[in-house]
2 protein chains.
Amino acid sequence: MSDDGTARPKRSDAKRNEQSLLEAAAAVFVASGVEAPVRDIATRAGVGTGTIYRHFPTRADLIIAVYRHQVEACAEAGPALLAAGPTPHAALGHWIDLFVDFLVTKHGLAAVLRSDNTGFDTLHAYFLDRLVPVCAQLLDAAATAGEIRSDIRPLELMRGIGNLCIGAHEDPTYNAPKLIDALIAGLRHPPKP
Amino acid sequence: MSDDGTARPKRSDAKRNEQSLLEAAAAVFVASGVEAPVRDIATRAGVGTGTIYRHFPTRADLIIAVYRHQVEACAEAGPALLAAGPTPHAALGHWIDLFVDFLVTKHGLAAVLRSDNTGFDTLHAYFLDRLVPVCAQLLDAAATAGEIRSDIRPLELMRGIGNLCIGAHEDPTYNAPKLIDALIAGLRHPPKP
DNA sequence: TTGCAAAGCGGAACAAGGTTCCGTATCGTC
DNA sequence: GACGATACGGAACCTTGTTCCGCTTTGCAA
């Protein structure tokens with residue numbers, strides 16, 4: 001919605017600034033995490049704060065823009081894994097690994113997935129819109145194959161995984177992938193009815 | 001550290017205000033969640049914001065004070081469950097249920113358990129100091145009995161559980177206890193060596 | 001009962017973060 | 001070269017936690 005071809009053509013300085021902002025944001029996110037102050041990003045890009053908001057209506061939109069292609073890659077990997085994997089449950093596991101890798105790699109991105117934070121609804125919505133269907137497909141396949149309990153909804157699982165990734169970057173003691181591994185393992189079969 | 005008998009005796013108005021604050025905070029937490037602004041609590045208690053900070057050096061300390069007895073109860077339930085339950089794993093499960101109940105009940109408490117938030121270190125530390133040993137005992141017992149994988153550290157598990165509870169209150173779609181159930185189930189035995 | 005120092009109080013003021021606003025500068029076209 | 005539309009910068013605003021300080025209340029003692 002900010003880069004589709006039908007938009008009014010932008011002035012050259014605007015295009016240049018948008019690019020600077022994306023680069024500066026990416027750099028700052030790596031250095032200080034996704035929670036870095038908007039002002040820092042503006043400074044780094046050599047623009048005013050107002051400029052950020054003209055290009056990206058909200059902080060979340062900037063984050064989305066920075067990570068969009070990685071999210072796309074993750075989304076596209078789903079069907080591929082399902083086709084390639086030995087079983088749907090294995091494919092689900094691998095896909096979750098990708099997702100977790102993404103979340104854990106990005107300094108604090110996970111914490112931001114929860115929507116009630118200041119104005120992160122957009123980001124939340126984007127992630128979910130894009131990835132929930134993929135997760136649903138994997139989950140369905142595994143449930144249909146009788147490998148896992150069938151009372152887990154995709155959104156629920158994604159949210160749980162996201163939550164488990166929170167803070168994974170700060171505390172070396174906390175091994176999110178391990179817990180997620182356990183969670184996925186625990187999905188197999190209902191305990192007992 | 002704010003209510004032990006050896007402290008200098010307080011003036012009567014101070015005692016009264018501390019009580020009002022605890023009550024007001026409890027009420028506001030129920031109504032608006034633990035993240036409610038300090039000013040709201042002060043207003044509700046009919047005191048100035050400064051008064052809050054004289055009694056509770058930081059927001060987190062107020063939260064601790066409000067929930068202290070519930071945390072104690074949870075801590076004390078651990079050994080009891082271990083003694084009563086059929087197996088250590090069952091006891092662990094029940095104890096986690098208690099813990100989760102507590103977290104989920106309190107509007108947003110879970111989100112606050114992660115320490116990197118502004119000044120919640122105290123709260124984080126208190127919860128962990130009090131509950132991690134209990135969790136350790138249960139985990140040890142279950143691991144020793146060979147019921148669960150032995151590479152899970154107490155702090156790690158607690159943290160994961162806490163994370164899974166985040167946002168449970170806001171979104172009826174998100175069933176934290178179910179996921180936690182799966183996680184606990186997934187703790188049994190290493191998947192494959 | 002009255003006086004006084006210590007203890008406590010209220011709320012203005014400060015810091016930090018996101019977001020908005022608007023006067024000014026720049027771009028692109030005629 | 002001029003002019004309107006577009007974009008820019010950054011000051012200003014809002015919300016939240018926290019600190020500070022002049023004033024009030026309390027409790028004790030004379």
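Lettering follows sequence order; numbering is per chain, from 1.
In this structure, A:F56 places its CZ atom 16 Å from P of C:dG18, rounding to the nearest Å. Regarding A:D13, its CG atom lies at a distance of 7 Å from the P atom of C:dG28, rounded to whole Å. Distance, B:R54 CZ to C:dG8 P: 8 Å, rounded to whole Å. One interatomic measurement links the two molecules: CG of B:L62 to C1' of D:dT16, which rounds to 15 Å at whole-angstrom precision. In this structure, the CD1 atom of A:I52 is 15 Å from the C1' atom of D:dA7, given to the nearest Å.
A donor-acceptor contact shorter than 3.5 Å links the side chain of A:R59 to the backbone of A:V34.
Side-chain nitrogen and oxygen atoms of A:N17 include at least one within less than 4.0 Å of the OP1 or OP2 phosphate oxygen of D:dC8. Proximity of A:T49 to the phosphate of C:dG18: no side-chain N or O atom is located under 4.0 Å from OP1 or OP2. Within the structure, every side-chain polar atom (N or O) of B:H55 is placed at least 4.0 Å from both OP1 and OP2 of C:dG8. The side chain of B:Y53 contributes an N or O atom lying less than 4.0 Å from OP1 or OP2 of D:dT18.
Residue B:R16 has its side chain nearest to D:dT26 when only C:dA12, D:dT26, C:dG10 are considered. When each of D:dG9, D:dT16, D:dA12 is scored by its nearest atom to the side-chain atoms of B:P37, the top-ranked nucleotide is D:dT16.
Taking for each of B:R11 and B:G48 the nucleotide of DNA chain C with the nearest heavy atom, the 5'-most of the two is the partner of B:R11.
Judged by a 6.0 Å distance limit and a 45° cone about the ring axis, A:R153 is not positioned over the six-membered ring of B:Y174.
Remark: B:K10 engages B:E18 in a salt bridge, criterion side-chain N to carboxylate O under 4.0 Å.
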Practice problem: List the steps, then state whether side chain to side chain donor-acceptor pair (under 3.5 Å) holds for A:T173 with B:E156. | Solution: CA-CA 7 Å; A:T173 286; B:E156 200 168 29; over 6 Å; no
